Engineer: 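A single structure is presented below for examination.
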Number of protein chains: 2
Amino acid sequence: MFFVSLIPIRSGSPLGGEAERSDAARNRELLLKAARELIEECGADGLTMDRLAERAGVGKGTVFRRFGSRAGLMMTLLSDSEAAFQGRFMFGPPPLGPGAAPLDRLVAFGTERIAFVLEFGELARAADSSAYNRFDVPAAVLWHRHIEMLLRAAGVTADPWLMAMSLSSTLDPERLLHAVRVHHVAPERLAESWCELVTRVVSCPGGSSRRTENNSEGGG
Amino acid sequence: MFFVSLIPIRSGSPLGGEAERSDAARNRELLLKAARELIEECGADGLTMDRLAERAGVGKGTVFRRFGSRAGLMMTLLSDSEAAFQGRFMFGPPPLGPGAAPLDRLVAFGTERIAFVLEFGELARAADSSAYNRFDVPAAVLWHRHIEMLLRAAGVTADPWLMAMSLSSTLDPERLLHAVRVHHVAPERLAESWCELVTRVVSCPGGSSRRTENNSEGGG
DNA sequence: ATATTATCCGGACCGTAGTCCGTTTAGCAG
DNA sequence: CTGCTAAACGGACTACGGTCCGGATAATAT
């Protein structure tokens, strides 16, 4: 069983967690405070790095040295809730945490994740919007591994890594928010559909050999 | 059975398909030619609207009036191949087109779509990158409806719309390219995993009633 | 040929994310 | 307290997508 570095997410410091100069620490707090205020007032989409710098009374360069990018800032803002979520599905009580059947944990995971995304909607989306490595951010890797691990535990033998990727994509914030906000899908429907999906993926006997022409079982 | 406006994608003209002034037509051709050249030279990601305008010898405003946005331009560049793909899965020979069993058509659809995305990778990703309505673009709606239709035909009763959304998300260009380019997943593995996924989704008996006490399957 | 008008053109302009580099300062040694 | 240095600062700068509107022009009527 593998382990990611344990609630990695993202601190405020640039990279190495070494000591932080006092002015840097002070500015980080100023920035986080200003960011929360701005989001309160204008929403996450209304937060621009310029306005944030101005509001916090620091230079723009400082903002980017602290958080690397806009997405990095959003991740930092999410990190508390995110860490709590991670703690719950890794160490918390069943059915989300260890102890329950893998399928039950999968269902619980998706349900909670959907609720999380819908609660912190704009933030979660903004945190994703980094250019390329959206999927290699520590938190995303952790979810992926968690799903993959549960799939294996549930006896899914067919390429659990890719299957976990498919399941993860279903929980993509942008898609979930789009369904809810544009198509007015009720959140419970999302959870039910997730349940349906993972149940089928897990419960079905491995039906791998049906694409090639030999012994197709249910061709129809 | 519903029908989208039939190979809608996007022409070059702004909106209403009315007559196009000769200079407008000339500029559209100049722009498309320049765009293909630039992509040849710098890749799709290296194409900027400024450089395109300069290369084509037109003003920047012209570029945006023609194509609306960068994503719109990319869609136009893709439209030929896209139309061919649409034609094949809507009217072409089985197993992609009508005539085969729904599950076989689903498998074929995903396989072809994966190949399509991998072939026109950068373009497909760039065409998606519009801000909000990524999922409401005509082509995306058509795929979604197609998958949904096949799911219904295959007897999947549990919220086919959302199930189609999940399956669509698996075929998202950004994710597919990420898997192939960053994680070096072989394209055949993607196809196999897709096959596995849809097989399980379709073949499994409706397992809806396992999360809630009352076995009601809401539908939409 | 001339006048009219709807359409199109072009490039200056804007807001935004992200970079660069000369300047300032915190932390520390003597 | 003074001097030193590595780190942090800040804001001008770049690159980009997208908008705007005064001027140019193709199509058409007379």
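None of the values given here were measured: they were computed from a predicted structure.
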Engineer: Check the distance between dG11(D)'s C1' and Leu52(A)'s CG and give it to me in whole angstrom.
Structural biologist: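 Nearest whole value for this atom pair: 15 Å.
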
Engineer: Among residues at least two apart in sequence or on other chains, which ones pass side chain to side chain contact (heavy atoms under 4.5 Å, CB included) with Glu37(B)?
Structural biologist: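 Partners of Glu37(B) under the side chain to side chain contact (heavy atoms under 4.5 Å, CB included) test: Lys33(B), Glu41(B), Arg55(B).
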
Engineer: Under the rule for side chain to side chain contact (heavy atoms under 4.5 Å, CB included), what residues qualify as partners of Ala153(B), not counting sequence neighbours?
Structural biologist: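 By the side chain to side chain contact (heavy atoms under 4.5 Å, CB included) rule, Ala153(B) matches Pro102(B).
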
Engineer: Between Asn27(A) and dA8(D), is there a side-chain N or O to OP1/OP2 distance below 4.0 Å?
Structural biologist: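 Result: no.
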
Engineer: What pairs with Ser166(B) under side chain to side chain contact (heavy atoms under 4.5 Å, CB included), at least two apart in sequence or on another chain?
Structural biologist: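 Partners of Ser166(B) under the side chain to side chain contact (heavy atoms under 4.5 Å, CB included) test: Thr170(A), Leu197(A).
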
Engineer: Taking N or O atoms only and anything under 3.5 Å, show me the protein contacts with nucleotides 26-28 of chain D, one pair per line.
Structural biologist:
residue: dA26(D); atom: O3'; partner: Ser22(B); partner atom: OG; Å: 3.2
residue: dA27(D); atom: OP1; partner: Ser22(B); partner atom: N; Å: 3.2
residue: dA27(D); atom: OP1; partner: Ser22(B); partner atom: OG; Å: 3.2

Engineer: Within this structure, what is the CZ-to-P distance between Arg65(A) and dT24(C), rounded to whole angstrom?
Structural biologist: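 Arg65(A) atom CZ is separated from dT24(C) atom P by 16 Å.
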
Engineer: Between atom CG in Leu73(B) and atom C1' in dG18(D), what is the gap in whole Å?
Structural biologist: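 Between C1' of dG18(D) and CG of Leu73(B): 14 Å.
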
Engineer: Can you tell me the distance, in whole Å, between the CD atom of Glu29(A) and the P atom of dA8(D)?
Structural biologist: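 It is 15 Å, rounded to the nearest whole Å.
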
Engineer: Could you tell me the separation between the CG atom of Asp45(A) and the P atom of dA17(C), rounded to a whole number of Å?
Structural biologist: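 From Asp45(A) CG to dA17(C) P: 11 Å.
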
Engineer: Are there any protein N/O atoms within less than 3.5 Å of an N/O atom in nucleotides 14-17 of chain D, and if so, which ones and at what distance?
Structural biologist:
residue: dG17(D); atom: OP1; partner: Arg70(B); partner atom: NE; Å: 2.9
residue: dG17(D); atom: OP2; partner: Met49(B); partner atom: N; Å: 2.9
residue: dG17(D); atom: N7; partner: Lys60(B); partner atom: NZ; Å: 3.0

Engineer: If only side-chain N and O atoms of Thr62(B) are considered, is one of them under 4.0 Å from the OP1 or OP2 phosphate oxygen of dG10(C)?
Structural biologist: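 So the side chain of Thr62(B) is within the cut-off, an N or O lying under 4.0 Å from OP1 or OP2 of dG10(C).
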
Engineer: Taking only residues two or more places apart in sequence or in another chain, which ones pass side chain to side chain contact (heavy atoms under 4.5 Å, CB included) with Phe135(A)?
Structural biologist: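 Once residues adjacent in sequence are excluded, the partners of Phe135(A) under the side chain to side chain contact (heavy atoms under 4.5 Å, CB included) criterion are Glu174(B), Arg175(B), His178(B).
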
Engineer: Could I get the full list of ring-ring contact (aromatic ring centres under 6.0 Å, His included) partners for His146(A), not counting sequence neighbours?
Structural biologist: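 Per chain and number, His146(A) pairs via ring-ring contact (aromatic ring centres under 6.0 Å, His included) with Phe89(A), Phe109(A).
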
Engineer: Under the ring-ring contact (aromatic ring centres under 6.0 Å, His included) rule, collect the residues that match up with Phe120(A), sequence neighbours excluded.
Structural biologist: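 Testing Phe120(A) for ring-ring contact (aromatic ring centres under 6.0 Å, His included), a comparison that skips the adjacent residues, returns Phe116(A).
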
Engineer: If you round to the nearest 0.5 Å, how far is OG1 of Thr48(A) from CD of Glu54(A)?
Structural biologist: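 Taking CD in Glu54(A) and OG1 in Thr48(A), the distance rounds to 8.5 Å.
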
Engineer: Just grab all the salt bridge (charged side-chain N to carboxylate O under 4.0 Å, His left out) pairs involving residues 108-119 of chain B, residues at least two apart or on different chains.
Structural biologist: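 Those involving residues 108-119 of chain B are Arg88(B)-Glu112(B).
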
